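Counting convention: from 1, in listed order, for ligands and their atoms alike. Owing to the predicted nature of the structure, the values given are computational and were not obtained by experimental measurement.
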Amino acid sequence: MVKKNWMFVSVKQAKPVIIIVMLVSFLSLWMLLPTRFANPASAGYSLESPRLAAKSLYKLDIGWPKFPKYFTGQVFGVAVDPVADIVYVAQRGESVSKVLMFTEHGYFLKGWNTTTIELPHGIFATNSSPAPSVWVTDVGNGKYGHTVKQYTPSGTLLQTLGTPGTPGSDLYPLQFDQPAEVFISRKGEMYIVDGDGGLNNRLIKLAEDFTITWVQGEKGVKPSQFYIPHSVTEDTVGRVWVADRGNKRLQVFDAASGEWLGSWDSCFTDDAPYSVRLTSDNKYFVVAQLNINRVIFLSVPPIGDIGNCLKVDTIQLADDVKPHLVDVSRKTGAIYVAEIGARQAQRYVPNIRK
Ligand SMILES: *[C@@H]1O[C@H](CO)[C@@H](O)[C@H](O)[C@H]1NC(C)=O
């Protein structure tokens, strides 16, 4: 009975099996053919291909924000909350809101003021529990300056790192001189680049409890020395990338030990890197070059091989736009660019290839 049943099933399945075998053989033969016709779509995705230049990776979202009239000052920084639908924009100037909040669709949420920010420089949004917050680096000389401060999304000061109003180089207690930017990893560890032309030229890593894990750098041109470390990010394989602005290079460090891993300078002969962030697909670094009004895309190198930088795409902005710092939405893939010269933030979205 059992045997008969098996025979019956086997005969019934024979037809589809033969069809599958034929299909597989045909496909394997076709793959081996040297002259199979080119697939334009797959050619477009091959980033090493020079033909790619024809189509940019990102395009301007002209609909963001819906009402640009909210920009009233010099836009220095942008930050995208990794979870909540909030894009923060930090402004400088007389009689302007220090921070503006938009949605990723471009709707204005609110702006806020605080007397505790003198001159905002870098801004970073985090959503680690229990609530979202935003960090601002303050390069001002007033009584709240030379600090890195955490705010609620609506502008209530939560905590301050550094010694307000006092530039310095001490680590215990921690002091900064014009801290340029902060970046917080998914593990909640913080990287601070200190600073934007003051006493210090260093990269500081803090643990989640804000104790110092390691410090790298001093002023200079040698490996792991800096001149105006301006922006910092961590990639997905434990490497920390610093835009070493004054030395016109990106330097790379091991996230765990702080050990120097390498440096890229060949992409920055025209202008220094001002910012560094990863695209949401983790394939490229987004780097702003303020003086030549460009945003460039560099291939993220494989593990264990920093090599040389490879530029795969460029967004050329208009004269005097002056892109300063950028941030990337992990949710939508959009890139936000803070433009000091144009006094606005702009949004670029992945260009879907056909
Ligand atoms: C912040 O203060 C400036 C004046 O210094 C004012 O023009 C602006 O409307 C204020 N913004 C908010 C959201 O209160």
Side-chain angles (χ1 to χ4, degrees), residues 61-127 130-167 176 178-182 184 195-197 320-327 329 331-332 334-347:
D61 176 355
I62 53 165
W64 195 96
K66 302 278 180 219
F67 306 106
K69 65 172 186 210
Y70 290 107
F71 299 123
T72 46
Q74 272 189 317
V75 171
F76 263 72
V78 278
V80 188
D81 187 291
V83 180
D85 186 10
I86 307 172
V87 180
Y88 296 91
V89 176
Q91 303 193 113
R92 285 188 196 173
E94 295 297 317
S95 310
V96 304
S97 304
K98 286 289 193 309
V99 174
L100 305 173
M101 294 162 68
F102 297 89
T103 69
E104 285 219 62
H105 285 102
Y107 292 102
F108 179 70
L109 294 170
K110 63 182 284 191
W112 45 266
N113 283 316
T114 166
T115 54
T116 61
I117 297 179
E118 311 274 356
L119 270 185
H121 190 271
I123 183 163
F124 190 89
T126 176
N127 210 311
S133 65
V134 58
W135 290 85
V136 177
T137 73
D138 194 334
V139 300
N141 278 317
K143 62 180 175 172
Y144 295 103
H146 303 293
T147 48
V148 176
K149 286 169 283 213
Q150 185 185 26
Y151 293 88
T152 64
S154 47
T156 304
L157 181 61
L158 293 172
Q159 64 173 321
T160 303
L161 306 179
T163 312
T166 314
F176 306 110
Q178 301 172 48
E181 193 183 63
V182 292
I184 299 168
D196 190 40
D320 302 322
V321 163
K322 296 196 187 340
H324 183 241
L325 291 170
V326 304
D327 202 16
S329 167
K331 291 158 289 173
T332 63
I335 296 169
Y336 294 85
V337 182
E339 302 171 347
I340 297 180
R343 302 169 73 87
Q344 64 183 3
Q346 288 203 296
R347 180 181 203 250

Return a table of N or O atom pairs, ligand 1 on one side and protein on the other, at distances under 3.5 Å, rounded to 0.1 Å.
| unit_1 | atom_1 | unit_2 | atom_2 | d |
| --- | --- | --- | --- | --- |
| ligand 1 | 2 (O) | N113 | OD1 | 3.3 |
| ligand 1 | 2 (O) | N113 | ND2 | 2.5 |
| ligand 1 | 7 (O) | S95 | O | 3.4 |
| ligand 1 | 11 (N) | S97 | OG | 2.8 |
| ligand 1 | 11 (N) | N113 | ND2 | 2.8 |
| ligand 1 | 14 (O) | N113 | ND2 | 3.1 |

Take M101 and V134, measure what side chain to side chain contact (heavy atoms under 4.5 Å, CB included) needs, and give me the verdict at the end.
CA-CA 11 Å; M101 294 162 68; V134 58; over 6 Å; no
Do we see a donor-acceptor contact under 3.5 Å between the side chains of Y144 and T114?
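No, no side-chain donor-acceptor contact under 3.5 Å.
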Is the backbone N or O of A180 less than 3.5 Å from a side-chain atom of T137, with the two atoms forming a donor-acceptor pair by type?
yes
Begin with the C-alpha distance, continue with both residues' side-chain angles, and end with the deciding distance and a verdict on side chain to side chain contact (heavy atoms under 4.5 Å, CB included) for F176 and L161.
CA-CA 9 Å; F176 306 110; L161 306 179; 4.1 Å; yes
Once the angle between the rings of Y70 and F108 is folded into 0 to 90°, is it parallel (under 30°), tilted (30 to 60°) or perpendicular (over 60°)?
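Correct class here is parallel.
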Given Q91 and F71, is the side chain to side chain contact (heavy atoms under 4.5 Å, CB included) satisfied, shown in steps?
CA-CA 8 Å; Q91 303 193 113; F71 299 123; 4.2 Å; yes
